[in-house]
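Here the structure is laid out as structure tokens; the discussion comes afterwards.
Values reported hereafter were calculated over all heavy atoms of this structure, with side chains retained and with hydrogens, waters and symmetry mates removed. Quick note on labels: first sequence line is chain A, next is B, and so on, each numbered from 1. None of the values given here were measured: they were computed from a predicted structure.
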Amino acid sequence: MILDFLGDLERTHSCGELRASHAGQIVVLMGWVNRRRDHGNLIFLDLRDRSGITQIVLDKELVPEGHAKGEHVRPEYVVAAVGKVSLRDADAINPKMPTGEIEIETTELLVLNDTRLAPFSPSDEAIQNEEVRLKYRYVDLRRPEMQHNFRLRHDITLAIRDNLSQQGFLEIETPILTKSTPEGARDFLVPSRLHAGEFYALPQSPQIFKQILMISGFDKYFQIARCFRDEDLRADRQLEFTQVDLEMSFPRQETVFGVAEQFLAAGFKAAGVTLLTPFPRITYDESMRRFGSDKPDLRLPGLTDVRPAFTDENLAALQIDPALPVVALRIPNVGELSRKEREDNHPSFDLKKGAKFIDDFKRLAKGFPEAAVKVRELAGAAEADFVIIVAGDPAHHIKASDTKFEGRLSEREINVYSAAGNFRTELAKKYADKHGAFGVTEKVVKDAEPGAPVDGAQAFQPIWITDFPMFEYDAALAKWMPAHHPFTSPHEADMANLLTDPASVRANCYDLAMNGMELGSGSIRIHRKDVQQQIFQSLGISDEEARARFGFFLDALEYGTPPHGGIALGLDRIVMLLAGAPSLREVIAFPKTAKAIDLMVEAPTTVTEQQLKELHIRVALKS
RNA sequence: GGGGACGUAGCUCAGUUGGUUAGAGCGCUGCCCUGUCACGGCAGAGGUCGCGAGUUCGAGCCUCGUCGUCCCCGCCA
């Protein structure tokens with residue numbers, strides 16, 4: 001079809017803004033044809049842009065030329081309509097559309113562009129084929145749901161940036177081409193042309209730079225920072241992702257919490273959700289005890305210690321390890337399950353943790369009536385609640401440490417708790433329709449509108465996790481590894497144990513979890529060189545190695561480093577939560593697949609020999 | 001690296017115990033229609049059943065392999 005030139009024509013309004021009050025005005029709208037309804041001598045076009053949809057009327061008697069073009073127009077053609085805003089007759093009003101009281105009585109129609117037939121249409125309701133969505137991402141992104149997600153992302157980002165600026169933070173950019181940093185993930189490497197055989201690394205986070213900015217006296221830094229980690233992807237993990245990264249000088253842990261709570265609340269407010277501050281706090285040990293997880297979902301009931309419900313004889317008869325935790329998990333309102341239904345759940349239980357479970361209460365009640373009653377009572381279980389007991393399995397003793405430090409949990413205990421915690425969240429996912437705890441979040445997300453904040457206290461439950469162990473023992477490498485990163489400061493009270501009892505040392509680091517997802521983490525850093533050296537020593541990192549990997553940073557530490565600390569929160573995850581999206585791909589414009597492929601641009605690819613040669617690289621594929 | 005689910009028309013899906021010519025809705029094409037808004041009516045096109053082997057008289061259906069997408073474990077502080 002013959003396309004029209006735009007000429008001097010200028011758009012006067014968007015497709016979502018015209019109302020009855022505009023009646024009589026001559027307007028120019030431009031957008032995509034969402035749908036076309038052809039009645040012969042009368043054609044209706046729904047014109048769509050990111051603001052909404054307006055009905056365009058082409059009447060053969062009034063605009064024979066425009067009507068003739070309209071006969072050939074198809075969905076997703078790009079058109080401009082000149083015409084008068086006219087009130088619809090009462091019986092023609094469409095109450096489902098914000099613009100439903102008016103329509104455009106078209107006097108001129110310009111066809112600005114046509115389109116090939118895409119494998120799906122933005123007006124389609126059911127499009128689930130992610131392969132096709134990602135390949136034709138530009139069509140997918142036209143869908144109102146996606147437009148909404150990116151509007152949301154923009155609003156949240158803007159609010160956070162503005163809030164941090166108001167809190168006195170300076171946004172400072174740090175390099176993308178840098179040096180391998182000490183986080184635990186695999187680096188993306190960039191070969192250097194000017195330095196044969198040498199590589200830059202993409203930052204896993206701006207960690208070292210932000211600490212150096214503190215040494216540089218910037219006092220409060222933040223950045224909406226792109227980070228890169230070459231690890232396998234998940235629904236909530238992409239190769240590149242965005243963090244709200246900040247660092248400040250002279251803070252207590254509580255200071256960082258306050259700053260983060262404020263900017264997060266500002267971000268949520270921009271999405272129409274009120275977050276209550278301060279957020280609750282819980283230690284790592286307590287979180288494991290109460291939820292079996294270091295990223296607890298507070299929308300669900302926690303674990304209950306039901307050890308008191310059993311006598312020693314009970315435990316012996318049930319073959320439960322009396323020295324390990326005996327806990328109950330409860331999923332509300334599941335109702336009675338058949339043996340088959342219960343058995344279908346069994347694969348969700350992680351047997352590798354050396355724990356076992358009892359989910360047949362009828363049978364338990366037969367053999368141990370008092371204990372069965374007591375367990376449900378302790379767990380606060382209503383009649384319809386599904387209760388499962390999780391305990392240590394003496395017959396399946398896995399290799400783990402029994403060592404305990406003054407009221408802290410042993411590795412073996414943690415294993416039992418986390419087996420229970422994983423089972424808890426797996427079953428909660430499965431029975432979401434019954435307990436309804438997740439539905440609350442979905443509803444808030446659906447109803448939330450900027451300017452009309454809804455109470456998110458039930459729907460979004462943030463919690464700080466504190467006092468993580470400083471080190472984790474890596475059995476494979478037979479050495480202690482930093483649980484956070486090696487610049488995290490230890491608790492001052494635990495410093496004496498650094499070399500003697502590494503497992504007992506707590507770190508000044510913290511995570512923020514929300515609805516069972518880790519939103520981010522941070523720490524108070526080491527600012528003294530002597531402490532840093534002790535940490536390296538207990539990690540078994542030699543002076544030479546430390547010097548080679550981050551000598552520049554050790555140098556910097558010697559030039560008047562203030563006490564400092566900070567945090568980084570995953571922006572994509574925040575938006576994902578507030579968009580009610582099932583994966584990060586819904587809130588990242590051009591994401592990669594689970595196999596790390598960009599289906600639209602088709603990356604990665606091979607490169608030319610010439611390119612490789614310049615970079616002093618030779619490819620050696622394993623055959 | 002490992003486990004699982006899925007793969008049939010452009011999209012969403014059905015396809016009986018392995019049995020004749022593989023279906024539906026939407027979309028698409030053509031024609032008709034002046035008040036529709038998920039418009040309607042009539043007619044039509046559209047399939048290497050992901051790919052490759054194998055079993056079988058016969059495979060969309062069974063077996064093995066392979067590729068792709070998704071989910072999970074490992075991995076990711």
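- With sequence neighbours excluded, the residues that form a salt bridge (charged side-chain N to carboxylate O under 4.0 Å, His left out) with A:Glu231 are A:Arg186.
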Under the criterion ring-ring contact (aromatic ring centres under 6.0 Å, His included), I'd like the reasoning laid out for A:Tyr200 against A:Phe188: C-alpha separation, chi angles, the key distance, then a yes or no. CA-CA 8 Å; A:Tyr200 300 95; A:Phe188 277 101; over 10 Å; no
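- Phosphate contact (OP1/OP2 of B:rU69, side-chain N/O of A:Thr593, threshold under 4.0 Å): present.
- Rounded to the nearest 0.5 angstrom, A:Asp38 CG and A:Ile43 CD1 are separated by 4.0 Å.
- Distance A:Glu231 CD to B:rG74 P: 12 Å, rounded to the nearest Å.
- Tested against A:Glu76, the residues A:Arg143, A:Arg116, A:Arg48 include a single salt bridge (Lys or Arg N to Asp or Glu O under 4.0 Å) partner, A:Arg48.
- Whole-Å rounding puts the A:Asp511 CG to B:rC76 P distance at 15 Å.
- Taking only side-chain atoms of A:Gln207, from C-beta outward, the nucleotide of B:rA77, B:rC75, B:rC11 with the closest atom is B:rA77.
- Distance noted for atom C1' between B:rA22 and B:rC13: 14 Å (whole Å).
- Contact check on A:Arg35 versus A:Asp46 returns no salt bridge, with no Lys/Arg side-chain nitrogen under 4.0 Å from an Asp/Glu carboxylate oxygen.
- In this entry the distance linking OH of A:Tyr136 with P of B:rC11 reads 9 Å, nearest Å.
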* Asked: After noting the C-alpha distance and the side-chain angles of A:Phe468 and A:Tyr510, does the key distance pass the ring-ring contact (aromatic ring centres under 6.0 Å, His included) rule?
  -> CA-CA 7 Å; A:Phe468 278 80; A:Tyr510 30 85; 9.0 Å; no
Reading nucleotides 30-38 of chain B from 5' to 3' and marking B where a protein heavy atom lies under 4.0 Å of the base, S where only the sugar-phosphate is that close, and - otherwise, the string is S--BBBBBS
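- Here B:rU29 presents its P atom at 14 Å from CD of A:Glu71, a figure rounded to the nearest Å.
- Taking CZ of A:Phe357 as the start and CG of A:Asn345 as the end, the distance is 8.5 Å to the nearest 0.5 Å.
- If you check every strand for non-hydrogen atoms under 4.0 Å, A:Pro75 touches sugar and phosphate atoms only.
- Between the side chain of A:Arg229 and the base of B:rC76 there is no donor-acceptor pair of N/O atoms closer than 3.5 Å.
- For A:Asp232 against B:rG74, a side-chain N or O and a base N or O form a donor-acceptor pair under 3.5 Å.
- For the 3.5 Å distance criterion, the side chains of A:Asn508 and A:Ser489 qualify, holding a donor opposite an acceptor.
- Taking the nucleotide of RNA chain B with the nearest heavy atom to each of A:Asp236 and A:Lys595, the more 5' of the two is matched to A:Lys595.
- At whole-Å resolution of the value, CD in A:Gln238 and C1' in B:rC75 are 16 Å apart.
- For A:Glu131 and B:rC71, the CD to P distance is 13 Å, given to the nearest whole Å.
- Spacing of C1' atoms, B:rC31 relative to B:rU16, comes out at 39 Å, to the nearest Å.
- Rounded to the nearest Å, the gap between the P atom of B:rC62 and that of B:rA43 is 37 Å.
- At the phosphate of B:rC71, OP1 or OP2 sits under 4.0 Å from a side-chain N or O atom of A:Arg585.
- Between the CZ atom of A:Arg234 and the P atom of B:rG1 there is a distance of 14 Å, given to the nearest Å.
- Taking atom NZ on A:Lys353 and atom P on B:rC73, their separation rounds to 11 Å, with Å as the unit.
- When the C1' atom is compared between B:rA45 and B:rC26, the two are found 16 Å apart, to the nearest whole Å.
- Atom C1' of B:rC67 sits at a distance of 7 Å from the matching atom of B:rC51, rounded to the whole Å.
- Spacing of P atoms, B:rU20 relative to B:rC49, comes out at 16 Å, to the nearest Å.
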